[in-house]
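Order of the sequence lines sets the chain letters (A, B, ...), proteins ahead of strands, with each chain counted from 1.
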Amino acid sequence: MLLVPYIRNNKKAIIAGLKIKNFKQIEILDDIISVDDKRREIQKKLDDTLAESKAIAKEIGGLFKSGNIDEANNKKAQTTELKELSKNLSEELNIIQTQLTELLLKVPNVPHSSVASGNSDEDNEIIKNVGEIPELPDNAMPHWELTDKYDIIDFQLGNKITGAGFPVYKGKGARLQRALINFFLDNAAEAGFREVQPPLMVNEDSGYGTGQLPDKDGQMYYVGEDKLYLIPTAEVPITNIYRNSIVNSKDFPIRNTAYSQCFRREAGSYGKDVRGLNRLHQFDKVEIVVIEHPNKSYDRLEEMSNYVQTLLVKLELPYRVLRLCGGDLSFTSALTYDMEVYSAAQKRWLEVSSVSNFESFQANRLKLRFKDENGKTTLAHTLNGSALALPRIVAALLENNQTNKGIRIPKALIPYTGFEYID
RNA sequence: GGAGAAUUGGCAGAGUGGUCGAAUGCGGCGGUCUUGAAAACCGUUGAGGGUCACACCUCCGGGGGUUCGAAUCCCUCAUUCUCCGCCA
């Protein structure tokens, strides 16, 4: 959510930015300003009315004390009109404030100046390409066949127990999952992230805080009985640690990491995108979240992007880094790098991480602030990224490392798996 | 799940209808003293709206109500604690 004063002062720049994001309804900006004008006007009237009735109430208090009962009762009559007025005004104010919030929620974040315009993922800029794409023999299998062959991930069994998109990991498959989680967490700790184990369910306020609500509520599993949402990513609980708080700028950058299961309904997905491990309803991910001073958030974004890449290098996976174009950038993000890993048997790139700077867009919703150099309360910047999401890493590992002897485990991971091959 | 008690500023803790946005202590920040530090002393110290700046308004767990007037009374929800029940 953008700040109204920011919209007032930077309308032109915002319009230019939103154009890159293909946001068409720029007239909303003017609506916001005029609704906010109205809000101020009503607020002023209300304040004045309240001030007047407060003053009278004080007078009455004094009159009662000095025994002037008659005059006090006289004064009471005066307030009935003011009371009516302030009641109407505060109702009006409520309506207008709701209106204002609704409008503000419709405006996406303004992209960073480095973001190019574009309509879809096809227009994303490839800014880096690392590693050799492996040459697989003709009889190479896609991962959903390999998982069967080695009996490590059972999609059918998941269907039986729960439904599509909830696989069962077995034997070395389960062990590989655990190895990857520990590998990612250990690396994050070494890179200065504090490990956190958050709840896997969050309340409505938290959903709003990070922006899953109100728009994407259909993407989350919801437990109506208790009004709780299953988290689609650990970003939600981790970032909400800092909701409604004023952090100490001395603590910047605040780095947290968490492993969690993630739950996504993925309504509307289909076809090859959802085959095997490509898209699941429940999956494992280690997330990194950073809260930083606005002046330094882009340095941190580069740092996070580099960190994620070190993981891919250690896992010996060929990858590329994309800078998302305006059209593919998420609603809340100002700049996002996607890391994609090459899945050699599927012959396609799979997104395994998305590292974003939200600037103050999330912080405004969260009311996450700090005291700046002048003692002014200012919104902090939030960033997050996957480091990493497991299923597609597993898919690429299985496909790229298939040999006659079985699936070869990358060296860095062997201390965690305790085996060198899945066979 | 049942019964009872509680929820006040960063923390502790007063305040049960009338200048209470809120005593006091601790902590934080600034200063005096000191070669420096500690101690002591002095000052300062919640958030939001609004204003050029004031004024002014809102907020004492959330929401609603009573009253001329509420942190203080009522309703409701949430959370915490104690006891009972159930249970990993």
Side-chain angles (χ1 to χ4, degrees), chain A residues 1-9 32-104 197-209 213 222-229 237 240-252 254 291 360 362-380:
Chain A
M1 204 158 70
L2 299 175
L3 287 165
V4 177
Y6 178 74
I7 295 176
R8 283 181 185 276
N9 298 328
I32 286 170
I33 291 170
S34 71
V35 170
D36 189 56
D37 285 338
K38 190 98 181 285
R39 195 208 97 236
R40 285 191 197 181
E41 189 191 318
I42 296 169
Q43 179 81 255
K44 182 89 181 65
K45 274 193 210 164
L46 213 210
D47 287 359
D48 290 347
T49 311
L50 288 173
E52 205 180 332
S53 37
K54 254 179 106 160
I56 293 175
K58 273 183 188 166
E59 270 183 66
I60 292 173
L63 290 170
F64 271 123
K65 261 190 184 163
S66 59
N68 232 329
I69 311 289
D70 287 346
E71 201 173 330
N73 283 326
N74 256 342
K75 288 266 177 196
K76 273 198 199 176
Q78 274 185 37
T79 61
T80 45
E81 199 180 324
L82 288 173
K83 227 180 148 182
E84 184 75 10
L85 186 59
S86 64
K87 200 182 164 189
N88 290 340
L89 285 170
S90 68
E91 270 168 24
E92 233 178 294
L93 188 65
N94 264 335
I95 293 169
I96 208 101
Q97 238 147 15
T98 310
Q99 247 177 52
L100 185 61
T101 308
E102 274 169 11
L103 287 171
L104 284 168
Q197 265 195 38
L200 302 183
M201 293 183 133
V202 294
N203 59 28
E204 209 177 342
D205 284 348
S206 293
Y208 273 96
L213 296 173
Y222 179 57
V223 181
E225 182 95 31
D226 295 298
K227 296 184 187 153
L228 296 174
Y229 295 86
N240 272 284
I241 291 173
Y242 302 95
R243 171 155 51 86
N244 283 328
S245 56
I246 298 176
V247 299
N248 194 329
S249 58
K250 285 178 195 154
D251 297 335
F252 286 147
I254 300 173
I291 294 159
S360 60
Q362 270 186 341
N364 187 27
R365 285 193 179 197
L366 292 159
K367 298 290 167 262
L368 196 190
R369 297 148 298 169
F370 70 100
K371 296 261 192 238
D372 71 7
E373 295 68 27
N374 306 314
K376 209 180 153 220
T377 310
T378 311
L379 294 172

Using the [atom1] atom as the reference point in each nucleotide, state the distance between [N] and [M] in Å, no decimals.
N: B:rG64; M: B:rA12; atom1: P; value: 27 Å
N: B:rC75; M: B:rG13; atom1: P; value: 26 Å
N: B:rC59; M: B:rC77; atom1: P; value: 23 Å
N: B:rG27; M: B:rC20; atom1: P; value: 27 Å
N: B:rG43; M: B:rA23; atom1: P; value: 15 Å
N: B:rU35; M: B:rC29; atom1: P; value: 23 Å
N: B:rA70; M: B:rG31; atom1: C1'; value: 40 Å
N: B:rG21; M: B:rG9; atom1: C1'; value: 9 Å

statement: The answer to which of A:Lys250 and A:Lys87 contacts RNA chain B further toward the 5' end, by nearest nucleotide, is A:Lys250

A:Gln43 vs A:Gly62, nearer the 5' end of RNA chain B by closest nucleotide: A:Gly62

Identify the nucleotide, in any strand shown, that forms a Watson-Crick or G-U wobble pair with [N], with both distances under 3.5 Å; if there is none, say none.
N: B:rC68; answer: B:rG18
N: B:rG30; answer: B:rC42
N: B:rC86; answer: none
N: B:rU7; answer: B:rA78
N: B:rA47; answer: B:rU58

Within a strict 4.5 Å, meaning less than it, do heavy atoms of the [X] and [Y] side chains meet?
X: A:Glu91; Y: A:Asn94; answer: no
X: A:Val35; Y: A:Ile96; answer: yes
X: A:Asn240; Y: A:Asp205; answer: no

Mind checking if [X] touches a base, just sugar-phosphate, or nothing, with heavy atoms under 4.0 Å?
X: A:Ile60; value: base
X: A:Ile246; value: sugar-phosphate
X: A:Lys367; value: nothing
X: A:Thr80; value: nothing

Nearest-Å distance, [atom1] ([X]) to [atom2] ([N])?
X: A:Lys58; N: B:rC56; atom1: NZ; atom2: C1'; result: 11 Å
X: A:Arg40; N: B:rU51; atom1: CZ; atom2: C1'; result: 10 Å
X: A:Leu63; N: B:rU19; atom1: CG; atom2: P; result: 15 Å
X: A:Lys54; N: B:rU19; atom1: NZ; atom2: C1'; result: 9 Å
X: A:Ile56; N: B:rC68; atom1: CD1; atom2: P; result: 13 Å
X: A:Asp251; N: B:rG28; atom1: CG; atom2: P; result: 15 Å

query: Between B:rG69, B:rA47, B:rC57, which nucleotide gets closest to the side-chain atoms of A:Ala51?
result: B:rC57

- prompt: Looking just at side-chain N and O atoms, do A:Asp37 and A:Ser34 make a donor-acceptor pair shorter than 3.5 Å?
  reply: no

query: Between A:Lys371 and A:Thr378, is any side-chain donor less than 3.5 angstrom from a side-chain acceptor?
result: no

- request: Could you check whether the rings of A:Phe370 and A:Phe252 sit parallel, tilted or perpendicular, using 30° and 60° as the cut-offs?
  value: perpendicular

message: Less than 4.0 angstrom from a charged side-chain N to a carboxylate O is my criterion; do A:Lys44 and A:Asp47 meet it?
response: no

B:rG28 OP1/OP2 closer than 4.0 Å to side-chain N/O of A:Lys371: no

message: It should be established whether A:Lys76 places a side-chain nitrogen or oxygen under 4.0 Å from OP1 or OP2 of nucleotide B:rG69.
response: no

